[in-house]
Colleague: 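Structure incoming, see below.
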Amino acid sequence: MEKRFVVAIGREFGSGGKEIGFELSKQLGIKCYDKELLELAAKDSGLCEDIFKLHDEKPTNSFLYSLVMDTYSAGYAAPGFIDVPISQKVFLAQFDTIKKLAQKENCIIVGRCADYALEGEINLASIFISGDTDSKIRRIAERFQLSDAKARDLIVKTDKKRANYYNYYTNKKWGDSSSYDLCINSSKLGVKESVSLIIGYLKLRKFIEQ
C-alpha cells in the first residue's frame, strides 16, 4: 500500500453497506469498524458502552450544536465539557476515536460521519452505498423476520434517522452524490462486484497498489 488512507462508508439501511465494508476489509487486510467503533469510543472516553448504543447515529437538539462544536474544538479538557449533555459527549467521543484510528492505521469506517470527521486530514475515500427499494425490503425482512410492510417502515425510519444525524453535523446532504467521492447501487452489482469496484477506485486513487 502506497498511502495511509481511510474508507468511509455511508449506507442506506438494507443496502448491504456493512457487509460490503467487512468484505472489503477481508480483501484489503485492514480492519472495518462499525459497532466496534462504539466499544473503542467507550474505552477512550470512559463512558459506558450502552450509552453509545443508545445514542448511536441519532441527531442532537439543534440549540446545543454551537456548544457541542465549541467544546469539540477545545477538547475534553474544556471547562464546559462536564455540562455537555450525554448525547453530545457520545458524538464528541466518536469523532475523537475516528481521528485516532485514522492516525494509526489504514481502515474502513461505516457510518457515524467519518467522512466529515476526517475531511482534509487524511487520504480519504468517501463512499455511499444505496440500493433498490425492493431488494432492501427483501434483505431486511429476511434478516429480522419481518413482513414486507414492517421491513419497509423500518427502512424509512432508520434512513431518516441517519439522514438527520449526517445532515445536522456536516455541511453536506446524506445520500446526495455531491457529498461523496463514489456512489454505488449495490442492488445492481451485488456485494462482490461492489467491493471490486471500490478496490478499483482505490487503485486509481493510488491508495493501494495496482
Colleague: Using side-chain contact (heavy atoms from CB on, under 4.5 Å) as the criterion, list what pairs up with Ser178, not counting sequence neighbours.
Modeller: Asp176
Colleague: Cluster partners of Leu204, using ILVMFWY side-chain heavy atoms under 4.5 angstrom, listed by chain and number?
Modeller: none
Colleague: Between Arg139 and Arg143, is a side-chain contact (heavy atoms from CB on, under 4.5 Å) present by the stated rule, with each step listed?
Modeller: CA-CA 6 Å; Arg139 178 181 272 115; Arg143 184 192 305 173; 3.7 Å; yes
Colleague: So, does Asp181 use its side chain to make a donor-acceptor pair with the main chain of Ile127 at under 3.5 Å?
Modeller: no
Colleague: Please name all residues satisfying side chain to side chain donor-acceptor pair (under 3.5 Å) with Tyr201, sequence neighbours left out, ordered by chain then number.
Modeller: Arg205
Colleague: Mind checking the NZ-CG spacing from Lys157 to Leu154? Nearest 0.5 Å is all I need.
Modeller: 8.0 Å
Colleague: Within the distance-only criterion (no hydrogens, no angle test), does the side chain of Asn123 pair as donor or acceptor with the backbone N or O of Arg4 below 3.5 angstrom?
Modeller: yes
Colleague: Can you give me the closest heavy-atom contact between Ser147 and Ala141, atom names plus distance?
Modeller: O-CB, 4.4 Å
Colleague: Residues in side-chain contact (heavy atoms from CB on, under 4.5 Å) with Glu193, at least two apart?
Modeller: Leu189, Ser196
Colleague: CD of Gln210 to CD1 of Ile208: how many Å apart, nearest 0.5 Å?
Modeller: 8.0 Å
Colleague: Are Leu124 and Leu37 connected, step by step, through hydrophobic side chains (Ile, Leu, Val, Met, Phe, Trp, Tyr) whose heavy atoms are closer than 4.5 Å?
Modeller: yes
Colleague: Does a side-chain heavy-atom distance below 4.5 Å link Ser130 with Ile184?
Modeller: no
Colleague: State which residues pass salt bridge (charged side-chain N to carboxylate O under 4.0 Å, His left out) with Lys192; sequence neighbours excluded, sorted by chain then number.
Modeller: none
Colleague: How long is the span from the CG atom in Leu197 to the OG atom in Ser186, to the nearest 0.5 Å?
Modeller: 11.5 Å
Colleague: Might you point out which heavy atoms bring Ala114 and Ala8 nearest each other, and give the distance in Å?
Modeller: CB-CB, 4.0 Å
Colleague: Quick one: list whatever passes side chain to side chain donor-acceptor pair (under 3.5 Å) with Lys203, sequence neighbours left out.
Modeller: none
Colleague: Is Gln145 reaching over with its side chain to a backbone N or O of Glu142, donor-acceptor style, under 3.5 angstrom?
Modeller: yes
Colleague: Would you compute the distance between atom CG of Asp148 and atom CZ of Arg138 and round it to the nearest 0.5 angstrom?
Modeller: 9.0 Å
Colleague: Under a single-linkage definition using a 4.5 Å side-chain heavy-atom cutoff for Ile, Leu, Val, Met, Phe, Trp and Tyr, are Phe13 and Tyr165 assigned to the same hydrophobic cluster?
Modeller: no
Colleague: If only atom types and distance count, is the side chain of Gln103 paired as donor or acceptor with the main-chain N or O of Leu101 below 3.5 Å?
Modeller: no
Colleague: Does Lys35 come within less than 4.0 Å of Glu39, counting only side-chain N to carboxylate O?
Modeller: no
Colleague: Got a second to check how far Thr170's OG1 is from Asp115's CG, nearest 0.5 Å?
Modeller: 7.0 Å
Colleague: Who passes side chain to side chain donor-acceptor pair (under 3.5 Å) against Thr97, sequence neighbours left out?
Modeller: Asp44
Colleague: Listed by chain and number, what are the side-chain contact (heavy atoms from CB on, under 4.5 Å) partners of Lys188, not counting sequence neighbours?
Modeller: Asp132, Asn185
Colleague: Who else is in the cluster with Tyr166 when I, L, V, M, F, W and Y are joined by side-chain contacts under 4.5 Å?
Modeller: Phe128, Trp174, Tyr180
Colleague: With a 4.5 Å limit on heavy-atom distance, are the side chains of Arg162 and Asn167 in contact?
Modeller: no
Colleague: Can you sort out the partners of Thr133 under side-chain contact (heavy atoms from CB on, under 4.5 Å), two or more places apart, ordered by chain and number?
Modeller: Ile137, Arg152
Colleague: Could you go step by step and tell me if Arg112 and Asp34 meet the side-chain contact (heavy atoms from CB on, under 4.5 Å) rule?
Modeller: CA-CA 9 Å; Arg112 296 162 187 89; Asp34 181 28; 2.8 Å; yes
Colleague: Taking the side chain as every heavy atom from C-beta outward, state whether Tyr33 and Ile108 have any atom pair closer than 4.5 Å.
Modeller: no
Colleague: Name every donor-acceptor pair, under 3.5 Å, that has one atom in a side chain of residues 15-30 and the other anywhere in the protein, sequence neighbours excluded.
Modeller:
from	atom 1	to	atom 2	distance (Å)
Ser15	OG	Glu12	O	2.7
Ser15	OG	Gly17	N	3.4
Ser15	OG	Ile129	O	3.3
Glu23	OE2	Gln27	NE2	3.2
Ser25	OG	Phe22	O	2.7

Colleague: What is the minimum heavy-atom distance between Asp159 and Lys136, and which atoms define it?
Modeller: OD2-NZ, 4.1 Å
Colleague: Could you tell me the separation between the SG atom of Cys113 and the CD1 atom of Ile98, rounded to the nearest 0.5 Å?
Modeller: 7.5 Å
Colleague: Return the minimal non-hydrogen interatomic distance between Ala41 and Ala93, and the atom names on each side.
Modeller: CB-O, 4.0 Å
Colleague: Looking at residues at least two apart in the chain, or sitting in another chain, which of them share a side chain to side chain donor-acceptor pair (under 3.5 Å) with Asp134?
Modeller: none
Colleague: Please report the closest heavy-atom contact between Cys32 and Val110, naming both atoms and the distance.
Modeller: SG-CG2, 3.8 Å
